[in-house]
Amino acid sequence: MNYIPPNETALTAALRPQAVIAAGRRHSAGVKADGTVVAAGDNRHGQCEVNAWRDMVAVAVGNVHLAANTGNTHTIGLKTDGTAAAVGWNKHGQCEVLGWRDITAVAAGWRHSVGLKSDGTLVTAGRNHEGQCEVSAWRDIVAVAAGDWHTAGLKSDGTAVAAGNNQYQQCEVNGWHNIMEIAAGYLHTVGLKSDGTTAAAGRNNHHQCEVSGWRDIVAISAGSQHTAGLKSDGTVVAAGWNMFGQCEVSGWRDVVAVSAGCTHTLGLKSDSTVIAAGDNNYGQCDVSGWDSIRLPGT
């Protein structure tokens with residue numbers, strides 16, 4: 001999994017495995033080995049119009065909780081030259097990322113976008129009503145995650161920081177240590193520790209934070225109200241809301257990356273194909289035809 005110890009410098013962020021699959025509210029995206037991008041699902045705001053993208057190494061899609069007034073999202077791609085592209089819903093300027101430079105990772109929230117720079121600082125675009133974009137003072141960041149209304153960052157010393165909506169204490173991560181990966185959902189935050197265990201903070205109404213018993217985890221992803229974890233043996237575990245079957249992943253094998261969306265979950269297999277579980281009302285799980293998806297760390 002190309003694990004990098006959390007005490008490495010912020011410059012090692014460029015060496016971390018990139019997010020090559022992404023599950024959002026009603027669409028999915030994946031980066032192919034040739035640098036192109038594929039997408040499936042709802043395209044009402046053009047969030048799936050990524051066919052023209054080239055030289056991409058990572059992708060992020062806006063996720064948002066399930067509610068009558070939600071569903072509008074966007075997609076961000078990171079290019080090999082450290083620039084970014086974005087398509088989709090742009091009401092709050094969350095797609096205005098063309099001026100970004102020296103980016104090593106991207107994250108997409110509901111109405112905001114975040115880019116991690118090679119010097120360990122962050123840039124943001126979009127809505128800041130809840131303070132989710134107030135991250136300009138952060139330093140030594142090596143990984144970043146964006147939830148609906150909050151942003152979480154992993155520092156080079158293995159600690160975590162967060163900004164934004166804290167209604168359910170989803171930003172209470174200051175006491176975390178030995179973290180090697182971080183994920184943000186609707187109202188919860190999850191951290192993967194260097195010993196393969198996990199920590200979680202925030203709303204737990206669907207048991208999405210009940211991950212303390214997980215072991216041998218090598219990657220995590222936080223959906224709106226569920227959490228997925230990839231184990232070292234290539235299997236997947238999940239906790240939380242399962243109304244659409246988004247947590248029914250126990251039968252998955254040979255998985256090398258996982259992404260949790262609002263009501264669906266994606267898994268990238270070692271043969272570069274993709275599997276999905278959960279809601280498919282918009283075709284967001286129609287990924288069985290995807291192949292040659294870029295493997296993490298390649």
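Along the sequence shown, the residues carry numbers beginning at 1.
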Is there a path of hydrophobic side-chain contacts, each under 4.5 Å between heavy atoms of I, L, V, M, F, W or Y residues, that connects [X] with [Y]?
X      : Y      : answer
Val97  : Val135 : no
Val236 : Val218 : yes
Leu187 : Leu66  : no
Met180 : Val237 : yes
Leu266 : Ile293 : yes

Test side-chain hydrogen bond (donor to acceptor under 3.5 Å, both in side chains) applied to Asn280 and Asp286, step by step: CA-CA 7 Å; Asn280 194 37; Asp286 290 340; 2.9 Å; yes
Could you measure the distance from the [atom1] atom of [X] to the [atom2] atom of [Y]? Nearest 0.5 Å is fine.
X      : Y      : atom1 : atom2 : answer
Thr124 : Gln132 : OG1   : CD    : 9.0 Å
Cys285 : Asp279 : SG    : CG    : 7.0 Å
Arg127 : Trp149 : CZ    : CH2   : 8.0 Å
Thr198 : Ile220 : OG1   : CD1   : 7.0 Å
Asp102 : Asp119 : CG    : CG    : 7.5 Å
Tyr282 : Gln284 : OH    : CD    : 8.0 Å

Excluding sequence neighbours, so at least two apart, what forms side-chain hydrogen bond (donor to acceptor under 3.5 Å, both in side chains) with Asp254?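 Once residues adjacent in sequence are excluded, Asp254 has no partner under the side-chain hydrogen bond (donor to acceptor under 3.5 Å, both in side chains) criterion.
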Measure the shortest side-chain to side-chain distance between [X] and [Y] over non-hydrogen atoms and say whether it is less than 4.5 angstrom.
X      : Y      : result
Asn128 : His112 : no
Thr197 : Trp214 : no
Thr189 : Ile182 : yes
Ile275 : Val287 : no
Val256 : Leu295 : yes
Gln18  : Leu78  : yes
Leu268 : Val20  : yes

Please assess Trp252 against Thr235 for the test side-chain contact (heavy atoms from CB on, under 4.5 Å), listing each intermediate value before the final yes or no. CA-CA 6 Å; Trp252 289 5; Thr235 61; over 6 Å; no
Under the rule for salt bridge (Lys or Arg N to Asp or Glu O under 4.0 Å), what residues qualify as partners of Asp42, not counting sequence neighbours?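 Checked Asp42 against salt bridge (Lys or Arg N to Asp or Glu O under 4.0 Å); matches are Arg26, Arg44.
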When you compare the side chains of [X] and [Y], does any donor N or O come within less than 3.5 Å of an acceptor on the partner?
X      : Y      : value
Asn205 : Gln208 : yes
Asn165 : Gln170 : yes
His264 : Ser28  : yes
His177 : Thr159 : no

What are the two closest heavy atoms between [X] and [Y], and how far apart are they?
X      : Y      : result
Val114 : Trp100 : C-CH2, 3.6 Å
His74  : Ser113 : NE2-OG, 2.9 Å
Gly131 : Ala163 : O-CB, 3.7 Å
Gly185 : Ala222 : N-CB, 3.6 Å
Gln246 : Thr263 : CB-O, 3.4 Å
Cys209 : His188 : SG-CB, 3.7 Å

Taking the side chain from [X] and the backbone from [Y], do they hold a donor-acceptor pair closer than 3.5 Å?
X      : Y      : value
Asp291 : Thr273 : no
Thr265 : Ala260 : no
Glu96  : Gln94  : no
Asn242 : Cys247 : yes

Using the six-membered ring wherever Trp is involved, compare the ring planes of His65 and Tyr186 and label them parallel, tilted or perpendicular (cut-offs 30° and 60°).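 Plane angle under 30°, so parallel.
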Where do Ile217 and Lys231 land on the side-chain contact (heavy atoms from CB on, under 4.5 Å) test, with the steps shown first? CA-CA 4 Å; Ile217 304 298; Lys231 301 191 70 174; 3.8 Å; yes
Considering only distance and modelled atom types, tabulate donor-acceptor pairs under 3.5 Å from the side chains of residues 48-64, sequence neighbours left out.
| unit_1 | atom_1 | unit_2 | atom_2 | d |
| --- | --- | --- | --- | --- |
| Arg54 | NH1 | Asn51 | O | 2.7 |
| Asn63 | OD1 | Arg25 | N | 3.4 |
| Asn63 | OD1 | Cys262 | N | 3.2 |

Asn72 and its side-chain hydrogen bond (donor to acceptor under 3.5 Å, both in side chains) partner, picked from Lys91, Arg111, His45, Gln47: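 Only one option passes, and that is His45.
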Verdict with supporting geometry, His27 and Thr75, side-chain contact (heavy atoms from CB on, under 4.5 Å): CA-CA 9 Å; His27 80 294; Thr75 304; 2.8 Å; yes
I would like to know whether Trp89 and Thr73 meet side-chain contact (heavy atoms from CB on, under 4.5 Å); could you show each step before the answer? CA-CA 5 Å; Trp89 190 47; Thr73 57; 5.8 Å; no
